[in-house]
K.L.:
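Below is a structure I'd like to ask you about.
No hydrogens, no waters, no symmetry mates; every other heavy atom, side chains included, goes into these values. Please read all numbers here as calculations on a predicted model, not as lab measurements.
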Amino acid sequence: MSGERYNPRESEPKWQKVWDDAKSFVTSNDDPREPYYVLEMFPYPSGRIHMGHVRNYSMGDVVARYHRARGRNVLHPMGWDAFGLPAENAAIERKTHPGTWTYQNIEAMKAQLKSMGLAIDWTREIATCSPEYYQHQQSMFIDMLEAGLVTRKSSKVNWDPVDMTVLANEQVIDGKGWRSGAVVEQRELTQWFFKISDFAEDLLEALDTLTEWPEKVRTMQRNWIGKSEGLRLLFELEPTEKTDVTSIEVFTTRPDTIFGASFVGLSPDHPLTTALAASNADLAEFVAECHRHGTATETLEKAEKQGFDTGLRVKHPVIEGQTLPVYVANFILMDYGTGAIFGCPAHDQRDLDLARKYGLSVKPVVLPPGADPETFSVADEAYVDAGNIFNSAFLDGLSIDDAKRKIAEYFGARQVDGKSQGTVETNYRLRDWGISRQRYWGCPIPVIHCEVCGTLPVPKKDLPVKLPEDVTFDKPGNALDHHPTWKHVHCHQCGASARRETDTMDTFVDSSWYYTRFTAPHAETPTVPAVANRWLPVDQYIGGVEHAILHLLYSRFFTRAMKAMGHVDVSEPFKGLFTQGMVTHETYKSQSGEWVNPTEIAIETNGEARTAKHIRTGDPISIGSVEKMSKSKKNVVDPDEIVATYGADTARWFMLSDSPPERDVQWTEAGVEGASRFQQRIWRLVNETIELTASPAASVDVQDAGALALRRIIHRSVHGVAGDIEGLRFNRAVAQIYELTNALTKALASSPSPAVTAALREGAEKLTILLSPMMPHLAESCWSLMGMHGLVADASWPDVDPALLVDNEVTMPVQINGKRRAEISVAKGTPAAEVERLVLSLEEVTRILEGKAPKKIVVVPDRIVNVVV
RNA sequence: GCGGGCGUGGUGAAACUGGUAGACACAAGGGACUUAAAAUCCCUCGGCUAUGCCGUACGGGUUCGAUUCCCGUCGCCCGCACCA
């Protein structure tokens, strides 16, 4: 018996040091080879990596190592999304500085990542909380301010009462803060905004160019941007004493239904509503009621449509002499369109609900195909589909689209209050990106507020505006604002006393350009454009789908902004995007209903039945459903423990096998053990192979049939695994490597001829290279054991002999009436007539034909034969 | 409600433009080696009324042939959700 068991605990640190010393993964910007940029979403330095990281970084590492082997100059960096609230919470709990906590975490996590053996260029490491990084962000903020891409405006904001900060709309999930989970309140605050909405159209259109993105993510962004084309339309008010306002402007995407209008609706927050409510206590009460519902009852099913008749009336814009009531309605949003609508109940469900409740008219104006115009009516369900316009005078008979065009022209030519009555307008749901956060641990917004000169950017020569070190977190709110001296400055322009901006930037700003900084991480400017342009866009970006909207949309915006400022010359940051699935695990509960960690239990199997009990107490434990690993359910497995027990390669291999990478993968003890066994099998295979042939592969006897068959499998595997890695189908790459391993093991056990032995040696070498992106340490050990030159990390991906990919002999299944009955083996390219002749002489076929002629024979050359009887 | 995705053995899954359904792995069962265990190796492994028949959620359709395409139903997952 040859060799000892492979010992990853010994071998893995050894190879990591070898790579380190050889600077194997340090990437030069001057390398003339074709660049390839692979990036995984950088982690928040929480202190420990979790299995999700292991999966994410294993995938990225396979891609990086594969493309290195393919001769590309690969950029594969790592950094830290290091600003953010948890550091402040930790500061409060542990009485440490957020920076101290953060940098300690970074060190701990870096050690963990290094133990995974990732092919990362650590010389490019970035922490977004370091002034070396955020000074450039401040500098770009000033550029953006000057370029008109930043505004400061008072607006209603989502206020998180627990985190005591403002949240972007995207950060409010089901009315709750995305991090704290607290019910979000509305407050009026002056905030800094990036004008992402200026780019709405471009961000939407360019989605079509992102062909290497998941369709799902593109759809989500498309919906988020929420483009809608419609008409701004003025309704003239009947003169009234209640207000001086003479017209109401609404936004509609269905101006074609104007003949069916039966009311005009205002948002409870519409200025006219507010004005009317000032002298109408009932209306004021109605508005207050709407507000109570708006914020508190997110969980309730669709709130009932409620309206309040203001008593005002508007002139029907196309029906002479008719007027329509003006309602305030609870379902009309102030921050979309104009905050006012016209209601056409027959063709909008919400309008119909309101109309039925208050007895307003319901007049259909779109006739469904095939319906009778005399009898068609709308009951409880609005008709929202296609049809032709009727009951609409000069629009009668038109399609919806034609009617929209015609009515837009009609209103465009008329005037109300000296303005055009109708203006075609495109609306977007996407709002500007509010970046102000009332927090200490973030990038300071480099602005001062001078009593004389107003709001001024800090001169670039004075950057960075550094966070003060001596801060306390004994009061809720912004520690930066509480600092005794930091915010008091003198105006650089006039010398008057001034106040520093104490808001810091949303941490999504930090992550909106870090991939660019990686291309020149030590440059004195935010980017070195020539270098950035060479690397960008990122060829393959890999991360969680939870960032489908926020991070990815912001990054797309930021790249455009950086392009406008001359920092880069690309618009899209990520050419290829891959969103990996989560890591799940079974859950366990004690009798008393408490979650129990997998390490505390023992599973017993009795045939198919599985039971669990507590290791320490022996109490029975119930096995629950498979869920995403989470601390709250205690179904987490610590990567450190896995690496210590099985080694990094085993963890990496298991994370890549079995489940397609975009799908969730279930972590199981049995699965890890299988991966670990496979590692030993490879080691044994290589050991036994070198016992047969100690010298590197030379040419193989091409005449030997056994050797040829083996070489076919070897070359097909090299080809197949390459294709699977390029397509990110890691599970299939793994399966092919298993198949190759099985074939080599079998050949080895068959007292191989010299020719087969030579092929085996070739197979062992190539298998080692195929393994190296996934199990890099084991691969180095095998490579060195075989006495190969240099490191397998530097080895080229094997060439494939195309002649070995095609079989001369093909097996064709023979179907009778679509069911497989036999198969024949023929030379590749055998003509259909010849195949037909062979098939008809088959015993299985003649038996069923019983001398009769078949109705039809379908021959797909080299694939299949189907005899129809 | 709207949009998207998915339903394949005991389990994770594979099947390229419609062409041998279940590759590969896990679990399970049987055997070999061993004083014994671990490790390793070999065999079996979709179902059934088994020379055959059925089987890719269910019901139809197109086709010589459907896991794959089309229509309908059911179930699960994800995203958006009063956006006029």
K.L.:
Distance check: side-chain N/O of Tyr336(A) vs OP1/OP2 of A84(B), anything under 4.0 Å?
P.N.:
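Indeed, a polar side-chain atom of Tyr336(A) lies that close.
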
K.L.:
Side-chain N or O of Arg821(A) less than 4.0 angstrom from OP1 or OP2 on C53(B)?
P.N.:
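Yes, Arg821(A) has a side-chain N/O under 4.0 Å of OP1/OP2 on C53(B).
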
K.L.:
Would you tell me if any nitrogen or oxygen in the side chain of Arg729(A) comes within less than 4.0 Å of OP1 or OP2 on A14(B)?
P.N.:
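No, outside the criterion.
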
K.L.:
Does A14(B) have OP1 or OP2 under 4.0 Å away from a side-chain N or O of Asn731(A)?
P.N.:
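Affirmative; the distance criterion is met.
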
K.L.:
Using a cut-off of less than 4.0 Å, is there contact between a side-chain N or O of Arg677(A) and OP1 or OP2 of A27(B)?
P.N.:
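It does, given that an N or O in the side chain of Arg677(A) lies less than 4.0 Å from OP1 or OP2 of A27(B).
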
K.L.:
By nearest heavy atom, map Gly818(A) and Val734(A) onto RNA chain B; which one lands nearer the 5' end?
P.N.:
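In this pair, the answer is Val734(A).
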
K.L.:
May I ask you to verify whether the side chain of Asn223(A) and the base of C80(B) hold a donor-acceptor pair under 3.5 Å?
P.N.:
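There is none.
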
K.L.:
With RNA chain B as reference, determine whether Lys227(A) or Glu739(A) sits nearer its 5' end, using the nearest nucleotide of each.
P.N.:
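Closer to the 5' end of RNA chain B: Glu739(A).
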
K.L.:
Any side-chain N or O of Lys819(A) under 4.0 Å from OP1/OP2 of C54(B)?
P.N.:
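Indeed, a polar side-chain atom of Lys819(A) lies that close.
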
K.L.:
Between A38(B) and G52(B), how far apart are the C1' atoms? Round to whole Å, please.
P.N.:
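The same atom, C1', in both gives a distance of 46 Å.
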
K.L.:
Now, which nucleotide makes the Watson-Crick or G-U wobble pair with G12(B), with each of the two distances under 3.5 Å?
P.N.:
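With both distances under 3.5 Å, G12(B) matches C24(B).
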
K.L.:
Identify the residue among Lys357(A), Gln349(A), Arg356(A) that makes a side-chain hydrogen bond (donor to acceptor under 3.5 Å, both in side chains) with Asp353(A).
P.N.:
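Single pass found, and it is Gln349(A).
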
K.L.:
Regarding Glu229(A) and Lys404(A), does a basic nitrogen lie under 4.0 Å from an acidic carboxylate oxygen?
P.N.:
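Answer for the salt bridge query: no.
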
K.L.:
So, OP1 or OP2 of A14(B): does either fall under 4.0 Å of a side-chain N or O from Arg663(A)?
P.N.:
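Checking A14(B) against Arg663(A), a side-chain N or O does come within under 4.0 Å of OP1 or OP2.
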
K.L.:
Is the phosphate of C64(B), meaning OP1 or OP2, less than 4.0 Å from a side-chain N or O of Lys856(A)?
P.N.:
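Indeed, a polar side-chain atom of Lys856(A) lies that close.
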
K.L.:
Which whole number of Å gives the distance between the P atom of A23(B) and that of C71(B)?
P.N.:
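About 32 Å, rounded to a whole number of Å.
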
K.L.:
Given A23(B), G12(B), C80(B), which nucleotide is nearest the side-chain atoms of Asp658(A)?
P.N.:
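Closest of the options to the side chain of Asp658(A): G12(B).
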
K.L.:
Say we look at A66(B) and G61(B): how far apart would their C1' atoms be, to the nearest angstrom?
P.N.:
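Those two atoms are separated by 11 Å.
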
K.L.:
Classify the side chain of Lys216(A) and the base of C78(B) as holding, or not holding, a donor-acceptor pair under 3.5 Å.
P.N.:
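Absent.
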
K.L.:
Are Arg863(A) and G18(B) close enough that a side-chain N or O sits under 4.0 Å from OP1 or OP2?
P.N.:
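No, because none of the side-chain N or O atoms of Arg863(A) sits under 4.0 Å from OP1 or OP2 of G18(B).
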
K.L.:
Checking understanding here: a glycosidic angle within 90° of 0 is syn, the rest anti, so what is A50(B)?
P.N.:
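Glycosidic conformation of A50(B): syn.
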
K.L.:
Give a yes/no answer on whether the side chain of Asn742(A) brings an N or O atom under 4.0 Å of OP1 or OP2 in A23(B).
P.N.:
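It does not, given that no N or O in the side chain of Asn742(A) lies less than 4.0 Å from OP1 or OP2 of A23(B).
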
K.L.:
Could you tell me how the ring of Trp667(A) sits relative to the ring of Phe654(A): parallel (under 30°), tilted (30 to 60°) or perpendicular (over 60°)?
P.N.:
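Trp667(A) and Phe654(A): perpendicular rings.
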
K.L.:
With respect to the phosphate group of G12(B), does any side-chain polar atom (N or O) of Thr668(A) fall under 4.0 Å of OP1 or OP2?
P.N.:
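False: Thr668(A) side-chain N/O out of range (4.0 Å or more) of G12(B) OP1/OP2.
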
K.L.:
Please verify the inter-ring angle class for His347(A) with Tyr383(A); under 30° counts as parallel, over 60° as perpendicular, anything in between as tilted.
P.N.:
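The arrangement is perpendicular - the two ring planes meet at more than 60°.
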
K.L.:
Run the ring pair (Phe, Tyr, Trp, His ring centres under 6.0 Å) check on Phe263(A) and Phe342(A) step by step: do they pass?
P.N.:
CA-CA 6 Å; Phe263(A) 67 93; Phe342(A) 81 75; 8.8 Å; no

K.L.:
Would you measure the distance from the P atom in C69(B) across to the matching atom in A14(B) and give it in whole Å?
P.N.:
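Looking at atom P only, C69(B) and A14(B) are 15 Å apart.
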
K.L.:
Please measure how far the P atom in A57(B) lies from the corresponding atom in C45(B), and state the result in whole Å.
P.N.:
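Approximately 24 Å lies between the P atom of A57(B) and that of C45(B).
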
